[in-house]
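In this text, all values refer to a predicted model and were calculated from it rather than measured experimentally. The figures here come from the full heavy-atom set of this structure, side chains too, leaving out hydrogens, waters and symmetry mates.
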Amino acid sequence: MDVKKKKKFKFKFPTAFTILLGITLLIIIVSWIPGITGSWKDADGELHNGGPAGIFDLFLAPMQGFKSKVDVIVFILVLGVFLSIVIESKALAAGIGRLVAKMKGREIWIIPIVMFLFSVGGTTYGMG
């Protein structure tokens, strides 16, 4: 007697792109509910009147958001590349290994030294 194994459904979390697309679509749907939309001022002080959003706004929203915060996005991208290079080159591990070798017999001082270095890194380029 052949007993086939049932394939269990395993939940796979959606990607970040799918989540953002879903949230944008939800906001477009909510904009069609009467009494929800209003007027607001953007960062430049320009007054916008709300109204129902169309399906075309689903495709324009990411580009408008990118345009308004391009300085933050470029900073995050540059920071990500920098940290990837540091991690891939194992420069941080080599530096800590060298520090351990130099502090032979005084290893207790490694903790405050590394804490200081990480705090400087965290405040200057967002190492955290």
Side-chain angles (χ1 to χ4, degrees):
M1 203 188 265
D2 254 345
V3 178
K4 292 184 180 180
K5 290 185 178 180
K6 282 189 175 180
K7 203 174 192 182
K8 289 187 177 182
F9 176 73
K10 197 170 191 180
F11 177 74
K12 187 176 179 187
F13 203 75
T15 64
F17 181 74
T18 307
I19 293 170
L20 289 173
L21 190 67
I23 290 171
T24 307
L25 189 61
L26 180 69
I27 291 171
I28 288 173
I29 292 169
V30 168
S31 75
W32 283 85
I33 299 172
I36 297 287
T37 58
S39 58
W40 70 93
K41 286 186 179 180
D42 62 8
D44 299 328
E46 188 176 331
L47 184 65
H48 295 277
N49 291 320
I55 194 69
F56 194 63
D57 292 322
L58 179 67
F59 303 105
L60 286 179
M63 290 172 271
Q64 289 172 346
F66 190 89
K67 184 179 78 173
S68 67
K69 295 298 178 193
V70 72
D71 52 342
V72 174
I73 294 169
V74 170
F75 174 72
I76 290 171
L77 289 173
V78 168
L79 188 64
V81 169
F82 174 76
L83 289 175
S84 296
I85 291 171
V86 168
I87 290 169
E88 279 296 315
S89 67
K90 300 194 181 358
L92 190 60
I96 292 175
R98 188 171 177 134
L99 183 64
V100 168
K102 289 223 183 239
M103 299 296 285
K104 202 101 172 158
R106 296 171 292 177
E107 287 86 4
I108 194 71
W109 286 101
I110 293 175
I111 295 171
I113 292 170
V114 171
M115 284 175 56
F116 175 75
L117 292 175
F118 279 126
S119 66
V120 169
T123 56
T124 56
Y125 71 92
M127 195 168 114

Closest non-hydrogen atom pair, [X] against [Y]:
| X | Y | answer |
| --- | --- | --- |
| Leu25 | Leu58 | N-CD1, 3.9 Å |
| Val120 | Thr123 | O-OG1, 3.2 Å |
| Ser31 | Ala53 | OG-N, 2.9 Å |
| Phe116 | Ser119 | O-OG, 2.7 Å |
| Thr24 | Ala61 | CG2-CB, 4.1 Å |

Co-membership, hydrophobic cluster, residues [X] and [Y], 4.5 Å side-chain:
| X | Y | answer |
| --- | --- | --- |
| Leu77 | Phe17 | no |
| Leu20 | Ile73 | no |
| Leu60 | Trp32 | no |
| Ile87 | Phe82 | no |
| Ile110 | Ile108 | yes |

Reported [atom1]-to-[atom2] distance for the pair [X] and [Y], which is rounded to 0.5 angstrom:
| X | Y | atom1 | atom2 | answer |
| --- | --- | --- | --- | --- |
| Ile55 | Ile29 | CD1 | CD1 | 8.0 Å |
| Ile96 | Leu117 | CD1 | CG | 8.5 Å |
| Ile113 | Lys102 | CD1 | NZ | 12.0 Å |

For this session: For atom CD of Glu107, decide whether the heavy atoms of other residues, nucleotides or ligands shown that lie under 6.0 angstrom number more than 12.
Result: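 Yes - once you tally the heavy atoms of other residues, nucleotides and ligands closer than 6.0 Å, there are more than 12.
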Exercise. What do you reckon, is CE of Met63 surrounded by more than 12 foreign heavy atoms closer than 6.0 Å?
Worked result: yes
